[in-house]
Amino acid sequence: MSSVLVKGFTDKTAVGFALGSALAFGWYAYSPSFLPGLSAEVLPIAGAITLAGLTPLALVKYNIRRMTSGRALSMAQRLSALDRHAMVTIVNEKHELSEANDLFLEMTGYTRSELMGEQVLKVYDVAHRGLALEIRTCLQRGEMWQGETPLRCKDGSIIYTHSTIMPLFDNKGVWKGSISVRTDITRTRQLLAERNVAESLHELRDDIWIVRADSEKFAYVNAAARRRLGWQDNEVERHSLSELAMQPGAKAIRSACRRMIERNETSTQFEETLFDVPFHISIKFLPSHHNDGRFLIVLNDISARIEQERAQSDFISTVSHELRSPLTSIKGAMGLMLSNATGDLPDKAVDLLGIAHRNADRLVLILNDILDLEKISAGRMEFTLDDVDMRDLIREAQVANANIGERFGISLEAIGLDDPLPLRTDPNRVIQVLNNLVSNACKFSKAGDTVAIRVRDEGDSLRISVRDQGQGIPLQDQHKIFEKFADLANSSRTTKGGTGLGLSICKAIVQSLGGTIGFTSVEGVGTTFFFNLPKLEAISSEASNEPKLRVAS
Amino acid sequence: MIKILHVEDDADIREIAQLALGLSGDFEVVQSASGEEALLLVQAFVPDVLLLDVMMPGMTGRQTLERMRQIPALEKTPAIFMTARAQNSEVEELRELGAAEVISKPFDPMLLGDQIKAALKAYAET
């Protein structure tokens, strides 16, 4: 038995233990007679620990000197084994730790002096103190407590123990504390958790593939994937990604894996149809020590999501169109009145009708924008690619915005149009983006300012920028500038006729065309919005890493 | 005088179109609230141009045009559609049906007459 426990045990405690100890001692002493051979070793662990915990330590102290017979030595050895197996502590009636064996100290990382005299709550995490108090209540009622107790180690980590805790009473029946015997079950819990993870993985609704990076052979597929692929459990490792490559989706997966290796990327995700099912595919590279990493490929069936999106998109589209009929009447009636089709109106009435008419116009623009955004996000926006000269599009935008420039007293300037700027893109959508940026620039400029549209050849792409000399975008608003209906501090959306959706649409269009969009802004100096469009067709190309938008071309 | 048969289920829009087209004095407008009714009307009134709403309960604008094309007198009458769903694909589809023009809603009542005249001119040239 542990020297610690023996050493620290007092006669007084020993007296208190006497009655309860007798049974356990008797069991140990005579067990060979009714549990011959290795019976003690094959006892269920919990039972052995309980007995070890119950073993009155004082008796060990008194008897150890008299361990001359073979039987006594055998008992000492057994106790020693149990002492090595279990963590044992004794707590006094003030809930202070008064004893702890070496194994307890070893497992928790404390020194004896750090624990002795400390409240037992010290070894419980704050989150588990409720449990400690529950145990205490149970013990004070004179009942034994058994169960799982998480203990907080000195370094803050948690170990899980299976514990048996017995209350201790003196010979007058006064509660004197408790003795706890615990086995560490942290590893068991971890293994169980891992087994649960593996089982869950196998039963997951998503298809899981694990593919060897070097040979592209399958190392594992879960039940769902096996059913879809029609493979038997024992043949999985015979299959490889390349044999699936005739399926367009699988080809995209193989390309993505190869790209990850080339570019040293650890994860990627995209949407792709495989076996006629739309999937969100997420690939993670799992490196290994032996230089033969694996790809964890998770295929999440998104048909339900796509169906839901389609229903939502249909609804938005229907609502927007339904609103157009009444708007046609409202706008038409006001337009006719403002044109004196119904005779002269008082000036004030014309003013008010003008306000109503302008706002009806705005409502139409908002509806158009909502429809555009909806079409883009549902992948229904139509892109018609054509070989164009960027200069023509810029000139067109210049003409289209001449009126608004005039209205705000702004001059429009185009720079960089000397040489042809050939590009394959959707001219109408690019003009839509340009119009949006140029009209925004005009709205946020002061009368007399110049708005400059500049185009620059950057090799693989063209950069088109629109610079204004307005008051700039406040720093705190810059992060939300491309959000829908972003509530910006100095936005004059209502007075200047913006819809709050223009920049979101620009971003979506530019991205759909394979480009990027951004801006720089200095308060008090002005803002430059810019977008880059690839010169070559980047849409739907297999090389595209993010096929996030379905593009009808 | 250009004779127009305007088929539109929304009474308010019919009234606005009537008023707008009446301003110039260049048009004679006969209106109908449905395709079915329009097919009866054309027995007595042979228009120079059909102005058709696309989305209507009962017979749609497309179906109305198809039926009218079966009437010898209307085989080649230019048709102009008015639609709240003026997407490129739909415009192309309507043009393939033989539409001379597709006007999107909301339309500008002050420009409607000119739009119709321009469409007729272009149609005559093809």
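Chain letters run A, B, ... following the sequence lines, proteins first and then strands; every chain starts at 1.
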Original post:
For B:Phe45, does the CZ atom sit with more than 12 other heavy atoms under 6.0 Å from it, leaving out its own atoms?
Top reply: yes
Original post:
When you look at CD of B:Gln63, are more than 12 heavy atoms from neighbouring residues, nucleotides or ligands closer to it than 6.0 Å?
Top reply: yes
Original post:
Would you say A:Asp387 has more than 12 foreign heavy atoms packed within less than 6.0 Å of its CG?
Top reply: yes
Original post:
Taking atom CD of A:Glu406 as the centre, does the number of heavy atoms from other residues, nucleotides or ligands within less than 6.0 Å exceed 12?
Top reply: no
Original post:
With only heavy atoms counted, which part of B:Asp12 is less than 4.5 Å from chain A, the side chain, the backbone, both or neither?
Top reply: both
Original post:
For atom CZ of B:Arg67, is the number of surrounding heavy atoms from other residues, nucleotides or ligands below 6.0 Å larger than 12?
Top reply: no
**OP:** Please say whether more than 12 non-hydrogen atoms of neighbouring residues, nucleotides or ligands are located less than 6.0 Å from CE in B:Met59.
**Re:** yes
**OP:** Against chain A, label B:Leu23 side chain, backbone, both or neither, depending on which of its atoms sit under 4.5 Å from a heavy atom there.
**Re:** side chain
Original post:
What distance separates B:Leu111 CG from A:Ser339 OG, expressed to the nearest 0.5 Å?
Top reply: 9.0 Å
Original post:
Residues of residues 319-335 of chain A under 4.5 Å from chain B (heavy atom pairs)?
Top reply: A:His321, A:Arg324, A:Ser325, A:Leu327, A:Thr328, A:Ser329, A:Lys331, A:Gly332, A:Ala333, A:Gly335
Original post:
When rounded to the nearest 0.5 angstrom, what is the spacing between CG in A:Asn340 and CE in B:Met110?
Top reply: 8.5 Å
Original post:
Does a sphere of radius 6.0 Å around CD in A:Glu483 hold more than 12 heavy atoms from other residues, nucleotides or ligands, not counting ones at 6.0 Å or beyond?
Top reply: yes
